[in-house]
Amino acid sequence: MCARVSQNENRVLIFSALLASGFAIGGLVLGLLVGSLVIVFDGVYSSVSLLLTLLSLAVSKYIQTPSKNNFPFGKAILEPIVISIKAIVILGIVGYSLHSAVIAMFTGGRDVDASIATLFGVVNVVGCGYAWWYIANKSRTFSSGLIEAESKQWQMDTLLSVAVTLGFVTAWGVTFTPWASLSVYADPMMMCLMSGYFIKVPFDMLREAARELLMMSPDKEICSQVDESIQAVDSVSSQNIALAGVTKIGRELRVDVDIKIDTSAIIAVDDIERTRSSITRKLSALPFDLQLNLSIAR
């Protein structure tokens with residue numbers, strides 16, 4: 001990864017950490033004051049997001065430092081490990097919050113000051129929405145699994161804030177109707193409804209990270225782009241080359257290519273290097289750190 005991309009990654013992670021700390025403190029304090037399970041969950045989620053962002057920042061910096069002795073094949077494997085930790089922690093938070101919401105539903109609900117909670121929700125929507133937009137744009141500018149995971153964290157926080165705000169507006173409106181007694185169920189019910197979505201996102205993060213850790217094939221788009229590049233080089237090369245395998249681990253794209261020759265043929269080192277250079281130029285358009293391995297197949 002080039003120095004400029006690494007610097008941008010660090011800036012985004014620091015920005016995310018500072019913003020998450022503000023929402024964490026605000027959510028926990030206000031949630032406890034008004035007695036809202038959803039706002040407390042939002043504060044806890046932001047607190048955990050802050051810790052996970054600091055973990056991402058530490059790993060990002062560590063990946064950039066040379067360490068050939070301990071990691072002879074590079075440190076890219078640390079990226080999906082961090083993403084897996086994030087996903088597992090978020091799944092744990094969602095599971096515990098869902099359990100608390102179900103208990104509250106069957107024990108009389110929770111009485112919440114909907115007016116204050118609504119104001120907090122609006123502030124959260126604006127702040128989290130901006131963070132999601134900013135980090136998502138940065139993620140499109142340069143490829144980084146850590147930044148993509150950070151963007152998904154803020155996406156979840158934004159959608160949570162939108163759901164909280166809409167739920168409290170509805171609960172506030174119900175207090176002026178003959179069904180005002182049912183408003184106490186709004187808070188735990190919102191938590192139950194949101195859990196369905198919140199379980200899906202970290203589960204998808206965990207699944208993708210596990211695929212990288214197991215060195216499985218990346219998504220079809222990456223495989224197709226690599227295959228097209230290899231075929232383009234093969235069409236103009238005097239050698240018979242074929243794609244043997246593709247894996248993506250963190251920010252690294254590992255490509256294995258076979259150079260097929262007859263058992264009696266002799267191939268010059270210069271020809272192999274020209275093939276390597278041609279393939280590298282073709283694959284350099286992809287936003288990853290390329291690790292190219294050429295093998296002679298007879």
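Because the structure is a prediction, the values reported are computed rather than measured.
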Assigning hydrophobic clusters by single linkage (Ile, Leu, Val, Met, Phe, Trp, Tyr; side-chain heavy-atom cutoff under 4.5 Å), is [X] placed with [Y]?
X	Y	result
Leu18	Val123	no
Leu214	Val246	no
Met216	Ile81	no
Leu78	Met205	yes

Report yes if some heavy atom in the side chain of [X] is under 4.5 Å from a heavy atom in the side chain of [Y]; otherwise report no.
X	Y	answer
Leu292	Arg276	yes
Ser224	Ile222	no
Ser217	Thr247	no

If you take all heavy atoms of [X] and [Y], which pair is closest and at what distance?
X	Y	value
Thr158	Gly129	OG1-N, 3.4 Å
Ser84	Leu213	OG-CD1, 3.8 Å
Leu19	Ala131	CD2-CB, 3.3 Å
Ala209	Pro80	CB-O, 3.4 Å

- From the options Val236, Ile230, Val233, select the one residue that forms a side-chain contact (heavy atoms from CB on, under 4.5 Å) with Ser278.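 Single side-chain contact (heavy atoms from CB on, under 4.5 Å) partner of Ser278 among Val236, Ile230, Val233: Val233.
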
- Message: By the salt bridge (charged side-chain N to carboxylate O under 4.0 Å, His left out) test, which pairs, at least two apart or in different chains, include something from residues 208-233?
- Response: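 Residue pairs with at least one partner in residues 208-233: Glu212-Lys248.
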
- Message: Applying side-chain contact (heavy atoms from CB on, under 4.5 Å) to Ile249 and Arg254, what does each step give before you reach the verdict?
- Response: CA-CA 8 Å; Ile249 302 177; Arg254 300 179 182 179; 3.4 Å; yes

- Task: Under the salt bridge (charged side-chain N to carboxylate O under 4.0 Å, His left out) rule, collect the residues that match up with Arg281, sequence neighbours excluded.
- Result: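 Here no residue qualifies.
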
- Working to the nearest 0.5 Å, report the span between OG1 of Thr280 and NZ of Lys282.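 Result: 12.5 Å between the selected atoms.
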
Residues forming a side chain to side chain contact (heavy atoms under 4.5 Å, CB included) with [X], sequence neighbours excluded:
X	result
Ile103	His99, Thr107
Phe203	none
Leu283	Val226, Ser229, Val255, Ile279, Leu286, Leu290
Ala244	Asp256, Asp258

- Any donor-acceptor N/O pair, Asp234 side chain to Ile241 backbone, under 3.5 Å: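 It does hold such a pair.
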
- Message: Tell me whether the rings of Trp133 and Tyr130 are parallel (<30°), tilted (30 to 60°) or perpendicular (>60°).
- Response: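 Answer is tilted, since the angle falls between 30° and 60°.
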
- side-chain contact (heavy atoms from CB on, under 4.5 Å) between Asn240 and Ile259: does it pass, once the steps are laid out? CA-CA 6 Å; Asn240 182 16; Ile259 301 176; over 6 Å; no

